[in-house]
Amino acid sequence: KQEVTQIPAALSVPEGENLVLNCSFTDSAIYNLQWFRQDPGKGLTSLLLIQSSQREQTSGRLNASLDKSSGRSTLYIAASQPGDSATYLCAVPPANQAGTALIFGKGTTLSVSS
Amino acid sequence: KAGVTQTPRYLIKTRGQQVTLSCSPISGHRSVSWYQQTPGQGLQFLFEYFSETQRNKGNFPGRFSGRQFSNSRSEMNVSTLELGDSALYLCASSFGPGETQYFGPGTRLLVL
């Protein structure tokens with residue numbers, strides 16, 4: 001059974017710092033991995049989708065990497081801003097399935113102070 | 001392009017009642033998934049629909065059901081509500097399996 005773990009559970013940094021959020025999954029037979037952001041009481045915003053054939057994806061100040069063999073993904077945020085404060089979630093489909101039934105980690109809650 | 005919309009946004013029900021939640025996907029999206037989010041369990045998958053067919057179902061009791069219409073809109077129903085059903089119910093749509101999922105704002109259900 002696929003399980004997703006995110007470390008750390010919470011992170012506080014001053015504005016301007018570069019930071020890395022970690023995500024690990026137990027079964028490497030995934031089709032893709034997706035990173036989301038959730039603001040308090042709101043829905044999820046998709047940040048990056050990495051297909052299993054890709055090693056990384058970039059969008060603005062965000063860079064996500066995927067290492068299937070080790071069951072790990074990282075989300076790198078450059079030059080953090082207070083507006084980046086949110087909970088960041090990673091999610092994968094069940095092993096060997098390309099469907100939309102995502103399995104989520106519990107998230108990392110990021111606080112960026114000005 | 002309009003995003004995923006969910007109605008209603010907030011609901012208060014009492015134990016034993018039933019509830020129906022609605023989700024309208026992004027235009028052109030044929031896949032709709034539903035998730036339950038609670039502080040204790042986090043985000044848990046409920047159902048996945050593609051072209052009116054349920055492709056997958058999460059580990060929830062039979063009180064939770066759903067369907068998808070020919071216009072890709074989806075509904076989920078919870079019968080005989082329990083206090084533990086209080087949660088944020090999120091709907092997501094995508095072009096199809098394996099594509100980026102886009103989430104709606106959610107329906108917050110409180111069961112008293």
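Here is how names work: the chains are called A, B, and so on, in the same order as the sequence lines, proteins then strands, and each is numbered from 1.
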Considering only heavy atoms from C-beta outward, does the side chain of B/Phe45 approach that of A/Phe104 to under 4.5 Å? no
Taking A/Asn32 for the side chain and B/Gly98 for the main chain, is one N or O donor matched with an acceptor at less than 3.5 Å? yes
Taking side chain as everything from C-beta outward and backbone as N, CA, C, O, which of these in A/Lys106 sits under 4.5 Å from a heavy atom of chain B? Side chain, backbone, both or neither. side chain
Which bit of [X] is near chain A, if near means a heavy-atom gap under 4.5 Å: side chain, backbone, both or neither?
X	answer
B/Gln37	side chain
B/Ser31	side chain
B/Leu90	side chain
B/Tyr35	side chain

Crowded around [X] [atom1]? As in, over 12 foreign heavy atoms under 6.0 Å?
X	atom1	answer
B/Asn71	CG	yes
B/Ile12	CD1	no
B/Arg15	CZ	no

Residues of residues 44-57 of chain A contacting chain B, heavy-atom criterion under 4.5 Å, by residue number: A/Leu44, A/Ser46, A/Leu49, A/Gln51
Chain B contact residues among residues 68-88 of chain A, heavy-atom distance under 4.5 Å: none
Do the side chains of B/Leu46 and B/Leu11 join up, straight or via other hydrophobic residues, at under 4.5 Å, putting them in one cluster? yes
NZ/A/Lys42 to CG/B/Leu88 distance, rounded to the nearest 0.5 angstrom? 11.5 Å
Between the CZ atom in A/Phe36 and the OG1 atom in B/Thr100, the distance rounded to the nearest 0.5 Å is 8.0 Å
